[in-house]
Amino acid sequence: MKTNKLVVDFDYSFKMLGIISSAKEYKLAWNMNQLLKIHLIKAEDINLQFQNDCNILVSTYLYLTEYSQIRLLKNKSIEFTNIAKPYLIPELKDYDYFIHILDEGCIFDEEWIKEQLQDCAAIQYIKVIDVSELKSKDNLIFI
């Protein structure tokens, strides 16, 4: 019997920033709301399930408009099972949070967001992340 392999190319057209911060996520979201003039609100946690019955639960805050979506994602899982590295992006475990930007309206530029947040006292370091270079970028597909 002939077997076929399904090959799917995913769209990684989102932008991402990595944040190092010791602040609680609600405090960081509040700071982002003030500096970016947005309204991040606590959204339902995202449950990512992997092979071998592994899963992680990622805390998220969401700002949604008609053409844009900004998510503040906690890198370290708040709950996990059967996984050695409980991070959304394991190769970037030094980052505490990620800002995930889907922006069809071209309103939010990642460099502008970085510039606005650089002087925030709650943020020790912020960097634009090149999604194409991530080994575990597939973890971000369904976010």
Side-chain angles (χ1 to χ4, degrees), residues 4-143:
N4 294 319
K5 185 176 182 180
L6 178 64
V7 178
V8 178
D9 285 330
F10 291 106
D11 182 17
Y12 299 103
S13 61
F14 55 88
K15 305 294 182 200
M16 206 164 93
L17 291 118
I19 294 176
I20 296 175
S21 173
S22 58
K24 300 283 186 188
E25 59 189 325
Y26 66 88
K27 183 69 171 171
L28 184 58
W30 184 86
N31 279 295
M32 288 176 60
N33 285 340
Q34 301 303 307
L35 294 167
L36 301 177
K37 309 291 189 249
I38 60 176
H39 189 69
L40 286 166
I41 57 170
K42 179 69 174 134
E44 187 175 333
D45 297 333
I46 299 168
N47 188 7
L48 297 176
Q49 296 182 340
F50 304 102
Q51 297 175 353
N52 305 329
D53 292 326
C54 298
N55 75 316
I56 62 173
L57 193 62
V58 177
S59 180
T60 184
Y61 279 72
L62 175 66
Y63 172 68
L64 192 61
T65 68
E66 188 174 351
Y67 299 107
S68 303
Q69 174 180 297
I70 297 177
R71 284 190 187 271
L72 175 63
L73 302 163
K74 191 168 187 174
N75 190 24
K76 187 165 185 175
S77 178
I78 56 176
E79 216 175 273
F80 58 93
T81 55
N82 301 329
I83 193 162
K85 296 180 181 176
Y87 295 94
L88 176 61
I89 308 294
E91 65 267 27
L92 297 176
K93 67 180 182 202
D94 292 334
Y95 288 90
D96 299 298
Y97 301 97
F98 294 109
I99 300 173
H100 182 273
I101 307 162
L102 278 172
D103 189 22
E104 294 176 18
C106 299
I107 298 169
F108 298 102
D109 175 64
E110 70 273 15
E111 289 294 337
W112 178 82
I113 291 175
K114 178 184 172 192
E115 189 177 296
Q116 299 303 309
L117 296 178
Q118 273 182 327
D119 294 329
C120 178
I123 296 175
Q124 283 79 43
Y125 183 74
I126 185 167
K127 178 184 178 185
V128 174
I129 305 293
D130 185 353
V131 177
S132 65
E133 293 180 2
L134 296 176
K135 292 178 190 173
S136 53
K137 63 184 167 216
D138 291 348
N139 294 0
L140 301 166
I141 293 171
F142 300 108
I143 293 198

Original post:
Please walk me through it: do Tyr97 and Tyr61 pass side-chain contact (heavy atoms from CB on, under 4.5 Å)?
Top reply: CA-CA 11 Å; Tyr97 301 97; Tyr61 279 72; over 6 Å; no

**OP:** May I have the step-by-step check of side-chain contact (heavy atoms from CB on, under 4.5 Å) for Lys15 and Val128, ending in yes or no?
**Re:** CA-CA 8 Å; Lys15 305 294 182 200; Val128 174; over 6 Å; no

Subject >> Verdict with supporting geometry, Ile46 and Arg71, side-chain contact (heavy atoms from CB on, under 4.5 Å) >> reply: CA-CA 11 Å; Ile46 299 168; Arg71 284 190 187 271; 4.2 Å; yes

Original post:
For Leu140 and Leu88, what are the C-alpha separation, side-chain angles and deciding distance, and is it a side-chain contact (heavy atoms from CB on, under 4.5 Å)?
Top reply: CA-CA 8 Å; Leu140 301 166; Leu88 176 61; 3.9 Å; yes

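Between Tyr95 and Tyr125, the ring planes are tilted. Angles from 30° to 60° get that label.
Atom CD of residue Glu110 and atom CD1 of residue Ile126 lie 11.0 Å apart, to the nearest 0.5 angstrom. Put simply, NE2 on His100 and CZ on Phe14 are 4.0 Å apart, with the number rounded to the nearest 0.5 Å. Taken to the nearest 0.5 Å, the NZ atom of Lys74 stands 13.0 Å off from the CD1 atom of Ile19. Atoms CG and CG, from Asn55 and Leu48 in turn, are 8.5 Å apart once rounded to the nearest 0.5 Å. A distance of 8.5 Å separates CG in Leu64 from CD1 in Ile41, rounded to the nearest 0.5 Å. Atoms CG and CG, from Leu62 and Leu73 in turn, are 9.5 Å apart once rounded to the nearest 0.5 Å.
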Please tabulate, for side-chain N and O atoms in residues 20-38, each donor-acceptor pair with protein atoms closer than 3.5 Å (sequence neighbours left out).
from  : atom 1 : to     : atom 2 : distance (Å)
Ser21 : OG     : Ala23  : N      : 3.1
Ser21 : OG     : Ala122 : O      : 2.4
Glu25 : OE1    : Ser59  : OG     : 2.6
Glu25 : OE2    : Ser59  : OG     : 3.1
Asn31 : ND2    : Lys27  : O      : 2.9
Asn33 : OD1    : Leu40  : N      : 2.5
Asn33 : ND2    : Ala29  : O      : 3.4
Asn33 : ND2    : Leu40  : O      : 3.3
Lys37 : NZ     : Gln34  : O      : 3.2

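Every pair tested for side-chain hydrogen bond (donor to acceptor under 3.5 Å, both in side chains) that includes a residue from residues 112-124 fails, sequence neighbours excluded, so the list is empty.
In this structure Ser136 satisfies the side-chain hydrogen bond (donor to acceptor under 3.5 Å, both in side chains) test together with Glu91, sequence neighbours excluded. Asp130 meets the side-chain hydrogen bond (donor to acceptor under 3.5 Å, both in side chains) test with Ser132; sequence neighbours excluded. Lys42 is linked by a salt bridge (charged side-chain N to carboxylate O under 4.0 Å, His left out) to Asp45, counting only residues two or more places apart in sequence or in another chain.
The two atoms that bring Phe98 and Gly18 nearest to each other are CD2-CA, 3.7 Å, heavy atoms only. Closest approach of Tyr87 to Ile56, counting heavy atoms only: O-CD1, 3.7 Å.
Between Asp96 and Asn75 there is no side-chain heavy-atom pair separated by less than 4.5 Å. The shortest distance between side-chain heavy atoms of Met16 and Leu134 falls below 4.5 Å.
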